[in-house]
Protein chains: 2
Amino acid sequence: MGRNGPVMNPVCCGAQVPCDRCKARDLAVCAVLDEQELQRFSAAATSARLEPGQTLFHEGEPAEEMFSLTEGMIKLYKLLQDGRRQITGFLMAGDFLGLAFGRTYVYSAEAVTPVRLCRFRRAAFLRLLEEMPHLERNLLGRASSELAAAQEQMLLLGRKTARERLATFLLAIAERQHRGDREPVELLMSRSDIADYLGLTIETVSRTLSTMRRVGAITLDGKSRVYIPDRDALRSIAGL
Amino acid sequence: MGRNGPVMNPVCCGAQVPCDRCKARDLAVCAVLDEQELQRFSAAATSARLEPGQTLFHEGEPAEEMFSLTEGMIKLYKLLQDGRRQITGFLMAGDFLGLAFGRTYVYSAEAVTPVRLCRFRRAAFLRLLEEMPHLERNLLGRASSELAAAQEQMLLLGRKTARERLATFLLAIAERQHRGDREPVELLMSRSDIADYLGLTIETVSRTLSTMRRVGAITLDGKSRVYIPDRDALRSIAGL
DNA sequence: CGAGAGGTTGAGCAATCTCAACGGGGGTGG
DNA sequence: CCACCCCCGTTGAGATTGCTCAACCTCTCG
């Protein structure tokens, strides 16, 4: 799969501002790389696209590739045999995935929106990593904040009520989308995805959102646009 | 707080076999360090002890130190303002903690059993890290497996029933303690800790264990010794 | 021996789930 | 262009798991 077309909005290093240096390269990694390193990265990477619903890889498959997202949203999830699903995270432009040091992927990854990403053969990536310690530091920082987010999510799943979960979720999205206090939040994922992320059923998600609307905590525009009139009010519902 | 007494069972690099090189040093990090590096590490570290119930640090405090556990068990947890608690993990000899790249600790840490650990000033540790890229790789590997464990726990908290949670928990402990199929598992933590780890109440934990005993899935000897006659049976209860 | 902490058990309750009906929007085929 | 269908989301009613509150038990410690 080769490069196809210009990159619209590559985001670098998890930062929000697209970085000129990788704009033309469809790379999300360019953290502290110098020009020469960046070229070597480009050489090791190929670009790819996914449509909503398409699977990037399944839990348990041999982890032969690593990816960085340059556009769109991907969900990560784990399944029990009877089909119960837990979504462990939503990734956005600038995020890495597949950084498994084990032999196989420990989760499945599927596109939520149309996605553009950059693939590395695992071995090649690890070789590059070897030679660029500053990149390793960057990855360690990412892993560390992902871990913090995971612990936050454990608190949510283990101890928060449905109301609190939804409130927490909406606030987190608002922050991630850098929405001003007046701007709406866009839910790019389905109710079913939200439910499986929050450890609830779609019915409970739906009911809880309806109640929040009725109470005036949020306004809904269509199914996926959410206005939050008073963020502090929502924060107090979120329980933190 | 200086060194006090001989080290009984330091565990290295998260591996299970104590390593001679750090036995005398009360260090858990000696991964791929050569003799000189190890000496520098010893120089940067001080040793400490904690009694059960003592707190190492609280969520939100400035993260000025990092630790590696050489003996005993520590629990990590997060709180909501009303006191609801989620334990996000139990650490054992060889584990790191406090590896926050942010300014503050993102969780609290408290001793479950008597604990022996090794403290580093954060700045000193990061400096050492800078100079020992192989150590950084080691930490990245640890972070990556912690992340995998966190995702497994999200699946548990979001989607498993009380029975499945307990079964999963017992199996995980059995593995961590490398118990043969006949040997009992030791629950070093209280029912309340187990409940807060599994997102349940102590009553549900107690009832569920009783039921498992009644059904013959486990045998209890006192409050904390658990025999698992048939691990596969328990695995099938665990739902994976 | 009494007090307190930790654990178990019981009864009733409540939050969330399950099952089911219904509605709207978008795509498709006649 | 319209009718139909299907997917997704919403709403309702009843079931169920796990929680709350309370009693009781056991062990340890003073």
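All chains are named by letter (A, B, ...) in the order of the sequence lines, taking the proteins before the strands, and each is independently numbered beginning at 1.
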Fill in: Terminal axes of the helix from C:dC1-D:dG30 to C:dG30-D:dC1 (five pairs each): angle between them, nearest 10 degrees
30°

Review item, side-chain donor-acceptor pairs of residues 151-158 of chain B, under 3.5 Å, at least two apart:
from, atom 1, to, atom 2, distance (Å)
B:E152, OE1, A:K78, NZ, 3.0
B:Q153, NE2, B:Y197, O, 3.1

Worksheet item: In residues 156-173 of chain B, which residues come under 4.0 Å of DNA chain D by heavy atom?
Response: B:T161, B:A162

Worksheet item: Roughly, in whole Å, what's the span from CG in A:D221 to P in C:dG25?
Response: 12 Å

Worksheet item: With A:R213, which residues qualify under salt bridge (charged side-chain N to carboxylate O under 4.0 Å, His left out), at least two apart?
Response: none

Worksheet entry | Side-chain heavy-atom pair A:I74, A:L117 within 4.5 angstrom cut-off | yes

Fill in: Validation row: B:C118, B:S47 side chains within 4.5 angstrom (heavy atoms)
no

Worksheet item: In whole angstrom, what separates B:L198's CG from D:dC19's P?
Response: 11 Å

Practice prompt. For A:R235, enumerate each residue passing the salt bridge (charged side-chain N to carboxylate O under 4.0 Å, His left out) test, keeping only those at least two apart in sequence or located in another chain.
Written response: A:D232

Practice prompt. Inspect the surroundings of CZ in B:R163 and state if more than 12 heavy atoms from other residues, nucleotides or ligands are less than 6.0 Å away.
Written response: no

For nucleotides 8-13 of chain D, give me every protein contact, N/O to N/O, under 3.5 Å, one pair per line with atom names.
from, atom 1, to, atom 2, distance (Å)
D:dG9, OP1, A:R191, N, 3.3
D:dG9, OP2, A:R191, N, 3.2
D:dT10, OP1, A:R191, NH2, 3.1
D:dT10, OP2, A:R191, NE, 2.8
D:dT10, OP2, A:S206, OG, 2.8
D:dT10, O5', A:S206, OG, 2.9
D:dT11, OP2, A:S210, OG, 2.4
D:dG12, N7, A:R207, NH1, 2.6
D:dG12, O6, A:R207, NH2, 3.2
D:dA13, N6, A:R207, NH2, 3.4

Item to complete: Give a yes-or-no answer on whether the side chains of A:T204 and A:T201 include a donor-acceptor pair shorter than 3.5 Å.
Response: yes

